[in-house]
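As the structure is a computational prediction, the values presented were derived from the model and not from experiment. Positions are given from 1, in the same order as the sequence printed here.
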Amino acid sequence: MSNKVRVRFAPSPTGPLHIGGVRTALFNYLFAKKHQGTFILRIEDTDQNRYVEGAENYIIESLQWLHLPFDEGPTIGGNYGPYRQSERKDIYKKYIDQLLHSGNAYYAFDTPEQLDFHRKSHEAKGETFIYNWHNRLQLENSLSLTTEEVKKRIDSGKKYVIRFKSPENETLILNDIIRGEIKIDTHVLDDKILFKSDGMPTYHLANIVDDHLMEISHVIRGEEWLPSLALHVLLYRAFGWGAPEFAHLPLILKPQGKGKLSKRDGDKMGFPVFPLAWKTEESISRGYREDGYFPEAVVNMLALLGWNEGDGTEKEIYSLEELIKAFSLEHVSKAGAKFNPDKTKWFNQQYLQQKSDDELAEMFQLILNKKLENSHLVKNDKEYVKRVIALLKERATFVSDFWPLGSFFFIAPTSYDEKSVRKQWKETTTQVMKELITVLKSAEDFSSSSIENVVKDWITTKEIGFGKVMQPLRISLVGALQGPHLFDIMEIIGKDETILRIEKAIDKL
C-alpha cells in the first residue's frame with residue numbers, strides 16, 4: 001500500500017444523495033486535502049436492480065455545487081479506473097477464484113425457499129438463523145457436497161452464490177481511528193455472500209478489491225458500515241493484503257435526537273435533506289440549492305455535525321480552506337450528531353452578511369426579473385438594487401427574503417393593511433398628508449437625513465403628534481407598518497415616487 005493518502009467517496013446511484021452521504025464526501029475531501037492526498041469518486045453500481053437513472057449525474061452535480069471536486073472519477077478518469085463498478089465486472093472473477101482456491105470461500109446452492117424455511121424454524125424457537133460455522137456442513141454447499149456433485153450442479157446451470165468462510169474460535173482485534181479498539185468474536189459472524197451466479201460481486205467483495213487496486217489508504221465511511229468491518233478486515237487477510245485504516249463517522253440524527261435523519265423528517269418539519277432537488281414522476285424532494293442556501297453555508301454546517309476543532313474553540317464559521325487546515329479524524333465524535341434546521345439557517349445568514357452588496361444584487365436581480373415581468377416598477381438597475389440590499393441585508397437569511405422584506409422598493413403598494421389603516425388613518429389624516437406633500441415638493445435636497453430634518457421641523461412647528469404623520473406616511477409608501485427607516489425609503493424611491501404614493505393613498509383611503 002502506498003504511503004500517499006488516497007481516499008474515496010463511493011456512493012450507490014440508487015436515488016438522491018442524502019446529506020449524511022454529503023458529509024461523508026466532505027470529510028473524505030477535507031482529509032485528502034489536509035494531507036496533500038487524492039480524493040476519488042467511485043460509483044458502486046453492482047446492484048443493478050436498485051440503479052436509478054440520473055442518480056450518478058446528480059451525485060456529481062452535488063459535489064460540483066458544493067465545491068468539492070474529485071481528483072479521479074467516472075467523468076474525469078485517472079490511473080486506477082474504471083471508476084464505475086459495473087465497468088469493472090471482469091476484474092472480480094479472478095479474485096473470487098483466488099478465495100475459492102485458498103479455501104476462504106465456498107459455493108452455496110441453498111434456494112431462497114430453503115433459507116426461508118430455516119429462518120422460520122429458528123424464529124419459532126426464538127432463535128436467529130445465521131449461516132456460518134455451526135450449520136454450514138448441514139446446508140447445501142461445496143463444504144457438505146462432494147466435488148463431483150458441486151461440478152454437476154454448476155454445469156447444469158443451478159443457481160448458486162459464493163460465500164465467505166468466516167473463521168471459528170477467534171477474537172478479532174480491530175482498530176478504528178474514531179472509535180479505537182473493537183473486539184469481535186468470530187462465532188457471531190455469518191458467512192456473507194460475496195458473489196452471485198449472475199457474475200456480479202456483492203458490495204463486500206467489490207469494495208475490498210477496488211479499495212486494494214485503487215491503493216486506498218484510509219476508508220472513511222458512515223457508522224452503518226461498522227458491522228461489516230470484521231468481514232472486510234478478514235477479506236484483506238484472506239487475500240494476504242495490507243488493510244487501509246478505517247474511520248466510521250457518527251450518524252446524523254433527527255432534530256429530536258433519536259434515530260437517523262430521514263427524508264420524512266425534512267418533509268414533516270419543512271427542511272431539505274438533499275443537496276439538490278430531486279424530481280420523480282410522483283414527487284419533488286427539496287434541495288438546499290433550490291431552497292436558496294449558499295453551498296459554503298451547507299459545507300460549514302455539515303463539517304460541524306460530528307466534528308469540532310477541539311482545544312475549547314468556539315469558532316463556528318470556517319471557509320473551506322480553514323476547514324482543510326483544521327480538520328482531523330481524531331476530533332470526530334463517536335456519538336451521533338443532532339441535526340438542527342434553525343442552525344442551518346443561521347449559517348446561511350452569516351454567509352449572506354459576508355457577501356458584498358454587488359454579489360447579492362446580481363443574485364437578487366434574477367428573482368426580481370421573474371417577479372416584475374409585467375409590473376410597473378420604480379427601478380431595477382443594479383445600482384438601485386444594491387442600495388435596497390444595503391438597507392435590508394441585516395434582516396435577511398436568504399437572497400429570496402429581499403422580496404418580502406422590500407418589494408415596495410420595486411412596486412408601489414396597490415392595497416393597504418386594513419388593521420393598520422383602521423388604527424392610523426383618521427379623519428384629519430388626509431389633510432395632514434396633503435400639507436406634507438406641499439412640504440416635500442418644496443424640499444430641494446431629498447437625501448434621508450435632510451428630508452428627515454425638514455419633515456420633523458414641520459411637525460414640530462405645526463405641533464402635530466409624530467405618530468399622526470409617520471404612521472400614515474409609512475402606510476402610504478409601504479402599504480403596511482413595516483420596512484426600514486422611513487426616510488431611507490424616501491431617499492431611495494425618490495421625491496416624485498414618494499409624492500405619487502402619498503397622493504394615491506389619499507385617493508384610496
Inter-residue atom distance [X].[atom1] - [Y].[atom2], 0.5 Å rounding:
{"X": "Leu205", "Y": "Met200", "atom1": "CG", "atom2": "CE", "value": "11.0 Å"}
{"X": "Ile182", "Y": "Leu172", "atom1": "CD1", "atom2": "CG", "value": "11.0 Å"}
{"X": "Lys254", "Y": "Met269", "atom1": "NZ", "atom2": "CE", "value": "10.0 Å"}
{"X": "Leu17", "Y": "Leu66", "atom1": "CG", "atom2": "CG", "value": "8.5 Å"}
{"X": "Ile317", "Y": "Glu322", "atom1": "CD1", "atom2": "CD", "value": "9.5 Å"}
{"X": "Leu143", "Y": "Lys165", "atom1": "CG", "atom2": "NZ", "value": "5.5 Å"}

Please indicate whether [X] has more than 12 foreign heavy atoms, meaning atoms of other residues, nucleotides or ligands, lying under 6.0 Å from its [atom1].
{"X": "Lys151", "atom1": "NZ", "answer": "no"}
{"X": "Glu53", "atom1": "CD", "answer": "no"}
{"X": "Lys158", "atom1": "NZ", "answer": "yes"}
{"X": "Asn369", "atom1": "CG", "answer": "yes"}
{"X": "Lys260", "atom1": "NZ", "answer": "no"}
{"X": "Arg395", "atom1": "CZ", "answer": "yes"}
{"X": "Lys345", "atom1": "NZ", "answer": "no"}

Polar contact flag, side-chain donor to acceptor under 3.5 angstrom, [X]-[Y]:
{"X": "Gln353", "Y": "Glu394", "value": "no"}
{"X": "Ser102", "Y": "Asn104", "value": "yes"}
{"X": "Thr397", "Y": "Asn348", "value": "no"}

Checking the side chain of [X] only, and the main-chain atoms of [Y] only, is there a donor and an acceptor separated by less than 3.5 Å?
{"X": "Arg6", "Y": "Met214", "answer": "yes"}
{"X": "Arg163", "Y": "Asp191", "answer": "yes"}
{"X": "Asp311", "Y": "Thr313", "answer": "no"}
{"X": "Thr24", "Y": "Gly20", "answer": "yes"}
{"X": "Ser197", "Y": "Lys159", "answer": "no"}
{"X": "Asn141", "Y": "Asp110", "answer": "no"}
{"X": "Asn135", "Y": "Gln138", "answer": "no"}
{"X": "Thr186", "Y": "Pro167", "answer": "yes"}
{"X": "Asn28", "Y": "Ile220", "answer": "yes"}
{"X": "Glu290", "Y": "Ala277", "answer": "yes"}

Is a salt bridge present between [X] and [Y], judged by a nitrogen-to-oxygen distance below 4.0 Å?
{"X": "Lys325", "Y": "Glu309", "value": "no"}
{"X": "Arg179", "Y": "Glu223", "value": "yes"}
{"X": "Glu87", "Y": "Arg84", "value": "yes"}

Next item on the list: Output, in order, the C-alpha distance, side-chain angles, deciding distance and verdict of side chain to side chain contact (heavy atoms under 4.5 Å, CB included) for Arg289 and Glu61.
Entry: CA-CA 11 Å; Arg289 181 178 66 182; Glu61 194 181 339; 2.9 Å; yes
Are [X] and [Y] close enough that some pair of their side-chain heavy atoms sits under 4.5 Å apart?
{"X": "Glu140", "Y": "Arg153", "value": "yes"}
{"X": "Leu63", "Y": "Pro69", "value": "no"}
{"X": "Val150", "Y": "Ile154", "value": "yes"}
{"X": "Ser356", "Y": "Glu362", "value": "no"}
{"X": "Val299", "Y": "Leu26", "value": "yes"}
{"X": "Leu276", "Y": "Tyr288", "value": "no"}
{"X": "Thr202", "Y": "Lys192", "value": "no"}
{"X": "Leu372", "Y": "Phe410", "value": "yes"}

Item checked: Within residues 42-91 or reaching into it, pairs that qualify as ring pair (Phe, Tyr, Trp, His ring centres under 6.0 Å) - sequence neighbours excluded -> Tyr58-Trp278
Checklist line | Sequence neighbours excluded, every pair satisfying ring pair (Phe, Tyr, Trp, His ring centres under 6.0 Å) that has a member inside residues 108-135 | finding: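 Ring pair (Phe, Tyr, Trp, His ring centres under 6.0 Å) check on residues 108-135 returns His118-Phe129, His122-Phe129, Trp133-His187.
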Minimum heavy-atom distance between [X] and [Y], given as atom pair plus value:
{"X": "Arg8", "Y": "Asn207", "answer": "NH2-ND2, 2.9 Å"}
{"X": "Arg42", "Y": "Gln85", "answer": "NE-NE2, 4.0 Å"}
{"X": "Tyr107", "Y": "Leu100", "answer": "OH-CD1, 3.6 Å"}
{"X": "Trp346", "Y": "Glu316", "answer": "CH2-OE1, 3.7 Å"}
{"X": "His35", "Y": "Val5", "answer": "CB-CG2, 3.6 Å"}
{"X": "Asp71", "Y": "Lys33", "answer": "OD2-NZ, 2.8 Å"}

Margin query: Taking the six-membered ring of Tyr318 as reference, does the cationic atom of Lys315 (NZ for Lys, CZ for Arg) lie under 6.0 Å from its centre and within 45° of its axis?
Written below: yes
Next item on the list: For the pair Phe9 and Ile40, evaluate side chain to side chain contact (heavy atoms under 4.5 Å, CB included) and give the outcome as yes or no after the intermediate values.
Entry: CA-CA 6 Å; Phe9 174 52; Ile40 298 155; over 6 Å; no
Note to self: Taking the ring centre of each residue, are His212 and Phe239 less than 6.0 Å apart?
What the structure shows: no
Checklist line | Validation row, ring centre Phe271 to ring centre Phe339 under 6.0 Å | finding: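 Yes: the rings meet the under 6.0 Å criterion.
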Next item on the list: In sequence, state the C-alpha distance, the side-chain angles, and the governing distance for Lys393 and Asp357, and then conclude on salt bridge (charged side-chain N to carboxylate O under 4.0 Å, His left out).
Entry: CA-CA 8 Å; Lys393 196 171 173 179; Asp357 296 346; 3.3 Å; yes
Notebook entry, point to check: Which of parallel (below 30°), tilted (30 to 60°) and perpendicular (above 60°) describes Phe327 and Phe27?
Noted result: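 Geometry flag for Phe27 against Phe327: tilted rings.
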Next item on the list: Test ring pair (Phe, Tyr, Trp, His ring centres under 6.0 Å) on Phe398 and Tyr293 and set out the steps.
Entry: CA-CA 7 Å; Phe398 300 99; Tyr293 285 84; 4.8 Å; yes
Next item on the list: Carefully, step by step, assess Leu234 and Leu189 under the rule side chain to side chain contact (heavy atoms under 4.5 Å, CB included).
Entry: CA-CA 11 Å; Leu234 286 168; Leu189 300 178; 3.7 Å; yes
Next item on the list: Using the side chain to side chain contact (heavy atoms under 4.5 Å, CB included) rule, take Arg88 and Leu213 through it: C-alpha gap first, then chi angles, then the decisive distance, then the call.
Entry: CA-CA 11 Å; Arg88 299 172 66 83; Leu213 295 179; 3.7 Å; yes
